[in-house]
Amino acid sequence: MSGGGSLGLKIASWNVNSLRVRLPHLQRWLAAEQPDLVGLQETKTTDDKFPAEALHASGYRSVFAGQPTYNGVAILIRDAQFEEAVDWSAQDPRLPDDQKRLIAATVTPKGTTTRLRFMNVYVPNGSEVGCEKYDYKLRWLDALKTRINKEIASQTQLALVGDFNIAPEDRDVHDPQAWHEKILCSTPERRAFAALLAAGLTDSFRQHCTEPGYFSWWDYRQAGFRRGLGLRIDHVLLSAGLASGCSNALIDKEPRSWDQPSDHAPVVASV
DNA sequence: ATGGTGGGTTACCCA
């Protein structure tokens, strides 16, 4: 599907840094913004404790893959907008291990025959350039690229969203000199991100804004948010058909200003 | 000035 019109869907990604703690923020944001598909990262909860009922009361079905303490991803699907049948899966045999960092769902907007693929990832942070976790991050990204190439080849419309833990370019960094070749900004990480775009995806935010100074994550330390010390590391990437119908994309900084916030802001695209 | 905060948990963890 290329050159098509818009589906009229608002899709989003948000690293909530503990769904247990952030559920009130999430519900407040869902009610205000009414996104149709949401990828959540760092839910930090096991599946038996996932607040599926509370989210259903907010109008969303959930699919989720969690583990104790770390990681955890979920997809929220707005009931009113989609057919009931949802094909979903977590994990991928190409990935280096079983950490819960990837989940994908195929949904059908009500009254259509469109098959929309929504993939949500929590890319490893990598800790520090050159360390073992950094190598793991690059291996994980290589596996993701292979997976994305396969998804793109399947010709379905694909949105790949998540916390990529990569600021793609210097304009995505508050102080490019200070961050030069540091974690989240190093050349191998940026190449891995570029390889995802080269597979046939578009960074929706950069379709609508080319200016520096737009960030999606601010460190809790150093009063990062108040001082504007951020990076743009959360992304909504769209295959060609979706990108051509993408009418808007933004970073919603408001929830980052609320009490007890996640360190990430939600990112949104209208397709 | 090389720290700091905020999740998780009880691991000199992870971001």
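Residue numbering restarts at 1 for every chain, and letters A, B, ... go by the order of the sequence lines.
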Interatomic distance, Y220(A) OH vs dC14(B) P [rounded to whole Å]: 18 Å
Short side-chain to backbone donor-acceptor contact, E42(A) and N17(A), under 3.5 Å: no
Interatomic distance where CG belongs to L26(A) and P belongs to dG7(B) [whole Å]: 15 Å
Interatomic distance where CG belongs to D263(A) and C1' belongs to dG6(B) [whole Å]: 8 Å
Whichever of Q222(A) and L19(A) has its nearest DNA chain B nucleotide further upstream toward 5': Q222(A)
Residue pair D252(A) / W29(A), side-chain heavy-atom distance below 4.5 Å: yes
Rounded distance (Å) that lies between atom C1' of dA15(B) and atom CG of D234(A): 13 Å
Pairing partner of dC14(B) (Watson-Crick or G-U wobble, both distances under 3.5 Å): dG6(B)
K133(A) side chain, from C-beta outward: closest of dT9(B), dG7(B), dA15(B): dA15(B)
Given DNA chain B, 5'-ward residue of the pair Y122(A) and K49(A), judged by closest heavy atom: K49(A)
Between C1' of dA11(B) and NZ of K44(A), the distance in whole Å: 14 Å
Span that lies between the P atom of dC13(B) and that of dG4(B), in whole angstrom: 15 Å
T69(A) side chain, from C-beta outward: closest of dG8(B), dA15(B), dG6(B): dG8(B)
Below 4.0 Å: OP1/OP2 of dG7(B) and any side-chain N or O of R22(A): yes
Separation of atom CG in D219(A) from atom C1' in dG3(B), rounded to whole Å: 12 Å
From dA11(B), dG8(B), dA15(B), nucleotide with atom closest to V21(A) side chain: dG8(B)
Rounded interatomic separation in angstrom, taking CG from D163(A) and C1' from dA15(B): 10 Å
Distance, P atom - from dT9(B) to dC14(B), rounded to whole angstrom: 14 Å
Whether R206(A) side chain and C209(A) backbone form a donor-acceptor pair below 3.5 Å: yes
Sugar-phosphate, base or nothing in reach of F225(A), heavy atoms under 4.0 Å: nothing
Backbone of Q99(A) reached by a side-chain donor or acceptor of Q91(A) within 3.5 Å: yes
Geometric cation-pi criterion, R28(A) with W258(A): 6.0 Å, 45°: yes
Any R20(A) side-chain nitrogen or oxygen under 4.0 Å from OP1 or OP2 of dG8(B): yes
Value in whole Å for how far the C1' atom of dC14(B) lies from OH of Y136(A): 13 Å
Whole-Å C1' distance, dC12(B) and dG8(B): 15 Å
